[in-house]
Protein chains: 2
Amino acid sequence: MGATKTDLFTKEQNEIAAMAKALAHPARIAILQYLVKKNACVCGDLVDELGLAQATTSQHLKELKTAGIIQGSIEGVSVCYCINPKVWKQYKELFNTFFKDVDLQQTCC
Amino acid sequence: MGATKTDLFTKEQNEIAAMAKALAHPARIAILQYLVKKNACVCGDLVDELGLAQATTSQHLKELKTAGIIQGSIEGVSVCYCINPKVWKQYKELFNTFFKDVDLQQTCC
DNA sequence: TTAACCTATCGCAATATTACGATGTATTTT
DNA sequence: AAAATACATCGTAATATTGCGATAGGTTAA
């Protein structure tokens, strides 16, 4: 046991959960917020920005890259990261759809 | 090691990450979608709906309840769950703010 | 070429999550 | 009161995540 039983759920449910998982760590939220704030490629200063060890930072960056929400490209001696606008939009839309309005007047039992 | 270093991040970053964590499992997405679809209190049929063991289902429900996004109330011999509209709205707004538009024209390095 | 620099990956330890059977608890039915 | 019902909690095993030191890999500067 211990592994998520993905086969029990729909593709969409697994997809939303996977997106949420990519966001489920404050370091990754911090990275994304930083990239959005800069609205440009950020080369190198992410390790200083976060306060985590270089190896740990790299691992979080890898997860975000695997999720597709950021992209990195080698620029000389360092690597530059930026938001992948297309995937960002997908996240935005999927969460928007998920959080569509529920009847706020509903009375619970 | 192994524990998230929450002290390195802002309250908001930890909050968003915690919300995302609550959504980071397909079973919990399935539960929420089901409650939204019914738009009412759901008593009992969640275990059958999910296909997971009763103990596992109960555990996921507890996580959602701890996160505040659902509420449960005892109704006779069973427990009824429904979306907490207020918290749902908070989630919606927080994610909306987080996913505010980025300049889709940005050119990456 | 060598040294310096930056990032990725490996290996490991600590902690967290997922899953389920067994059992506990509370309410209703008989 | 006893049995039935429904959910929660406990205990445990399997797996995943988090974090970091050490090291490997690739690029630039000397």
Side-chain angles (χ1 to χ4, degrees), chain A residues 1-9 13-14 17-31 34-35 41-67 70-82 108-109, chain B residues 1-9 13-14 17-31 34-35 41-67 70-82 108-109:
Chain A
M1 317 142 195
T4 296
K5 293 191 157 182
T6 52
D7 52 303
L8 286 179
F9 308 102
Q13 286 162 350
N14 283 307
M19 286 189 176
K21 208 170 196 174
L23 303 179
H25 194 287
R28 297 197 286 274
I29 297 294
I31 290 170
Y34 188 68
L35 292 181
C41 276
V42 169
C43 308
D45 38 318
L46 277 166
V47 174
D48 304 328
E49 190 65 19
L50 285 186
L52 288 168
Q54 185 266 321
T56 309
T57 305
S58 188
Q59 204 174 340
H60 284 302
L61 285 167
K62 191 187 177 186
E63 279 178 73
L64 290 171
K65 217 161 54 175
T66 302
I70 67 170
Q71 53 199 195
S73 57
I74 299 169
E75 195 75 6
V77 84
S78 58
V79 175
C80 299
Y81 287 101
C82 62
C108 200
C109 41
Chain B
M1 318 141 194
T4 296
K5 292 190 157 182
T6 52
D7 52 302
L8 285 178
F9 308 102
Q13 286 161 350
N14 283 308
M19 286 190 174
K21 208 171 197 174
L23 304 180
H25 194 288
R28 295 196 286 274
I29 297 295
I31 290 170
Y34 188 69
L35 292 180
C41 277
V42 168
C43 309
D45 36 319
L46 277 164
V47 174
D48 303 328
E49 191 66 18
L50 285 186
L52 289 167
Q54 185 266 323
T56 310
T57 305
S58 187
Q59 207 173 338
H60 284 301
L61 285 166
K62 190 187 178 184
E63 278 178 72
L64 290 171
K65 216 161 55 175
T66 302
I70 68 171
Q71 53 198 196
S73 57
I74 300 171
E75 193 75 7
V77 83
S78 58
V79 175
C80 299
Y81 288 102
C82 62
C108 199
C109 40

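The model shown is predicted, which means the values in this text are computed figures rather than measured ones. Order of the sequence lines fixes the chain letters, A, B, ..., with proteins taken first and strands second; residue numbering starts at 1 for each chain.
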Legend entry - B/Lys62: partners by side chain to side chain contact (heavy atoms under 4.5 Å, CB included), with sequence neighbours left out: B/Thr66
Inset, instruction - Drop me the distance from B/Ile29's CD1 to A/Met19's CE, to the nearest 0.5 angstrom. - result: 11.0 Å
Legend entry - Interatomic distance where CG belongs to A/Leu8 and P belongs to C/dC20 [whole Å]: 8 Å
Inset, instruction - In whole angstrom, give the distance that lies between atom CD1 of B/Ile70 and atom P of D/dC7. - result: 12 Å
Inset, instruction - Please work out whether the ring planes of A/Phe9 and B/His25 are parallel, tilted or perpendicular, with thresholds of 30° and 60°. - result: perpendicular
Inset, instruction - Measure the distance from CD1 on B/Ile31 to C1' on C/dT18 and round it to the nearest whole Å. - result: 13 Å
Legend entry - Residue A/Ala53, side-chain heavy atoms: nucleotide from C/dT7, D/dG21, D/dA8 that is nearest: D/dG21
Legend entry - B/Leu50 CG to C/dT18 C1', straight-line distance once rounded to whole Å: 14 Å
Legend entry - Least distance between heavy atoms, B/Ala22 atom then B/Ala67 atom: CB-CB, 3.8 Å
Legend entry - Partner set under side chain to side chain contact (heavy atoms under 4.5 Å, CB included) for A/Thr6, not counting sequence neighbours: A/Thr4, A/Asn14
Legend entry - Heavy atoms from other residues, nucleotides or ligands near CD1 of A/Ile74 exceed 12 (cutoff 6.0 Å): no
Inset, instruction - Of all the heavy-atom pairs spanning B/Ala24 and A/Ala24, show the shortest one and how long it is. - result: CB-CB, 4.5 Å
Legend entry - Between C/dT15 (C1') and B/Lys5 (NZ): distance, integer Å: 14 Å
Legend entry - Any residue meeting side chain to side chain donor-acceptor pair (under 3.5 Å) with B/Glu63, in chain and number order, not counting sequence neighbours: B/Arg28
Inset, instruction - Only counting residues at least two apart or in another chain, list the ones meeting side chain to side chain contact (heavy atoms under 4.5 Å, CB included) with A/Ala18. - result: none
Inset, instruction - Name the nucleic acid region contacted by A/Thr56, choosing base, sugar-phosphate or nothing; use a 4.0 angstrom heavy-atom cut-off, strictly under. - result: base
Inset, instruction - Would you please confirm or rule out a distance under 4.0 Å between OP1 or OP2 of D/dT17 and any side-chain N or O of A/His60? - result: no
Inset, instruction - Could you tell me which non-hydrogen atom of B/Gly72 sits nearest to which non-hydrogen atom of B/Tyr81, and how far apart they are? - result: CA-CD2, 3.6 Å
Inset, instruction - Check each residue of residues 18-29 of chain B for a non-hydrogen atom within less than 4.0 Å of any atom in DNA chain D, then write out the ones that pass by number, or none. - result: none
Legend entry - Point-to-point distance, once rounded to the nearest 0.5 Å, from SG of A/Cys80 to CD1 of A/Ile70: 11.5 Å
Inset, instruction - Select one nucleotide: of D/dA8, C/dT7, C/dT15, the one nearest the side-chain heavy atoms of B/Tyr81. - result: D/dA8
Legend entry - OP1 or OP2 of D/dA6 under 4.0 Å from side-chain N/O of B/Ser78: no
With a cut-off of 3.5 Å and sequence neighbours excluded, list every side-chain donor-acceptor pair involving residues 42-56 of chain A.
unit_1, atom_1, unit_2, atom_2, d
A/Asp45, OD2, A/Tyr34, OH, 2.7

Inset, instruction - Mind calculating the distance between CG (B/Leu52) and C1' (C/dG21) to the nearest angstrom? - result: 14 Å
N/O to N/O distances under 3.5 Å, protein versus nucleotides 22-30 of chain D:
unit_1, atom_1, unit_2, atom_2, d
D/dT27, O3', A/Gly76, O, 3.4

Inset, instruction - Measure the angle between the two terminal helix axes of the helix from C/dT1-D/dA30 to C/dT30-D/dA1, five base pairs each, and quote it to 10°. - result: 10°
Legend entry - Interatomic distance where CD belongs to A/Gln59 and P belongs to D/dT17 [whole Å]: 10 Å
Inset, instruction - Can you tell me the distance, in whole Å, between the NZ atom of B/Lys62 and the P atom of D/dC10? - result: 7 Å
Inset, instruction - Classify the nucleic acid contact of A/Thr4 as base, sugar-phosphate or nothing, counting any heavy atom under 4.0 Å across all strands shown. - result: sugar-phosphate
